[in-house]
Amino acid sequence: MRRTPVRLAVTFLLTALAAVPAPASAGARELPGTYVVSREAGVLPEGITVTPDGTLYVSSDGLGTLYRGRVGDPELKPFPARGLETRTSTLGVHTDRRGRVLSVGGATLTVHDRHGRLLATRTAQDGPLGAPRLNDLVVTEDAVYATDWANPVVHRAEIRGGTLGPLEPWLDVRSALPGFPARYWLLNGIVANASGTTLLVASNGTEAVWRISTATREIAPLDLGGQSFGADGMVLRDRTLYAVLNYGAPQGVYIARLDEELRTGTVTHRLTDLPLTLPTTLARHGCRLYVVDSRLAEPRDRAPYTVRALSDPTCGDRR
């Protein structure tokens, strides 16, 4: 799977993305508590995003396909994304403010419009340990950043004049923890602040979240009071970090309040008594959290696969 980045200039505009389940508000009482992603065996849902208008996209680790639905409808359907036929696993998925769908899996980053037309494909280079396995992504005003599960590398594709550049190695994170085995970094979720100046990157292997300056590439652990915090997927809303943990701690949703520079924080909520088999990531919309139940550790015939909606306990917190 040794490939070089695709360097065709495809023009398109990208803008920045910037405890028990219960209805979060009167307006949410009619919304489903559980969403069926698929009843097909082997789907293994992994990533999720929810757009401002309430459209859900969920990725499939097992088949590589994408699914789409609405927050008011308990059933999702396959999203006809062209060009994913050869991608057997899709992990991270996000949208921009114009509704375009960005997703990663294997070595590729793809961009689709809301009708499923393929707008761009970018291929990551091999890393120090070999072929990449892109895990998650985040979009800022001037770049797309993607984590690599198989290599201790963050990749970056520049956005300039509406054109997405090649997907290139941007930061080898090993310098942050000299001596730690490269194969155990296991980079997972990635989020950015609204200005795109700071990234937070989760590492299952180090059981930590790492803060990275996009200007200097300075990398340091996010200080959560010494707590082990090996997150999988994450969401950052202002100074509130939402994370799914499924390794090194009781699995569930953890919420931390961070300082203004996103250097330190305190875990304020641990939602661990949830009817989930193996959660991987989450999205936030309104006062609800949408958590993917991947069932990755179960036999592949254990359909249906679902997303669980929870009340956001921080809703209304204006601190």
Side-chain angles (χ1 to χ4, degrees), residues 15-35 37 45-59 67-74 76 91-97 99 101-103 136-140 188-194 198-202 209 229 231-246 251-258 262 265 267-272 274 276 279-294 306-319:
T15 53
L17 293 173
V20 176
S25 66
R29 286 176 186 157
E30 301 304 318
L31 296 179
T34 300
Y35 296 81
V37 177
E46 212 277 346
I48 187 171
T49 190
V50 184
T51 68
D53 72 355
T55 301
L56 296 92
Y57 291 92
V58 176
S59 64
Y67 296 85
R68 181 170 64 185
R70 300 280 301 173
V71 295
D73 188 339
L76 280 70
L91 300 179
V93 57
H94 289 287
T95 60
D96 66 16
R97 289 182 180 173
V101 184
L102 297 91
S103 62
D136 199 7
L137 72 154
V138 67
V139 185
T140 68
N188 282 318
I190 182 171
V191 293
N193 61 355
T198 301
L199 306 176
L200 296 178
V201 174
V209 173
F229 205 83
D232 195 338
M234 302 187 297
V235 169
L236 180 65
R237 179 177 179 265
D238 299 325
R239 291 163 51 197
T240 301
L241 180 66
Y242 303 84
V244 168
L245 273 65
N246 51 33
Q251 72 173 23
V253 175
Y254 290 64
I255 304 173
R257 183 68 175 172
L258 309 184
L262 308 183
V267 176
T268 59
H269 299 81
R270 298 173 177 83
L271 309 180
T272 57
L274 302 174
L276 300 168
T280 49
T281 191
L282 76 169
R284 186 184 187 278
H285 182 261
C287 284
R288 287 164 42 110
L289 304 175
Y290 294 80
V291 185
V292 176
D293 192 1
S294 72
T306 60
V307 168
R308 187 81 178 191
L310 315 175
S311 226
D312 179 358
T314 74
C315 194
D317 186 352
R318 302 297 182 186
R319 291 180 299 164

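At distances below 3.5 Å, at least one donor-acceptor pair connects side-chain atoms of Tyr35 with backbone N or O atoms of Val71. Between the side chain of Arg70 and the backbone N or O of Asp53, at least one donor-acceptor pair lies under 3.5 Å.
Taking 4.5 Å as the limit, every side-chain heavy atom of Tyr67 sits out of range of all side-chain heavy atoms of Leu56. The shortest distance between side-chain heavy atoms of Pro279 and Leu274 does not fall below 4.5 Å. Counting heavy atoms from C-beta on, the side chains of Glu46 and Asp232 come closer than 4.5 Å.
Evaluated for a side chain to side chain donor-acceptor pair (under 3.5 Å) with Asp312, the options Arg284, Arg288, His285 yield exactly one hit, Arg284. The side-chain contact (heavy atoms from CB on, under 4.5 Å) test with Ser59 is passed by exactly one of Thr281, Thr280, Val93: Val93. Here the options are Val292, Asp293, Leu76, the test is side-chain contact (heavy atoms from CB on, under 4.5 Å), and the partner is Thr306; only Asp293 passes. Evaluated for a side-chain contact (heavy atoms from CB on, under 4.5 Å) with Val201, the options Asn188, Asp136, Val191, Ile190 yield exactly one hit, Ile190.
Side chain to side chain, Thr314 and Tyr242 meet the donor-acceptor criterion of an N or O pair below 3.5 Å.
The minimum heavy-atom distance between Thr49 and Ala283, with the atom names listed, is CA-CB, 4.1 Å. The two residues Val138 and Ala192 make their nearest non-hydrogen contact at CG2-N, 3.7 Å. Here the closest heavy-atom approach between residue Ala231 and residue Ala243 is recorded as CB-CB, 3.8 Å. Considering every non-hydrogen atom in both Ala309 and Pro32, the closest pair reads CB-O, 3.9 Å.
One distance of note links OG of Ser294 with CG of Leu91; it measures 10.5 Å at 0.5 Å rounding. Distance check: Thr55 OG1 to Asp73 CG gives 11.0 Å after rounding to the nearest 0.5 Å. Thr51 OG1 to His94 NE2: the interatomic distance, rounded to the nearest 0.5 Å, is 13.0 Å. In this structure, Arg308 CZ and Thr34 OG1 are separated by 4.0 Å, a value rounded to the nearest 0.5 Å. The OH atom of Tyr57 sits 11.0 Å away from atom CG of Leu102, with the distance rounded to the nearest 0.5 Å. Note that OH of Tyr254 is 9.5 Å distant from CG of Leu271, once rounded to the nearest 0.5 Å.
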| task | I would like to know whether Leu236 and Leu258 meet side-chain contact (heavy atoms from CB on, under 4.5 Å); could you show each step before the answer? | result | CA-CA 10 Å; Leu236 180 65; Leu258 309 184; 4.2 Å; yes
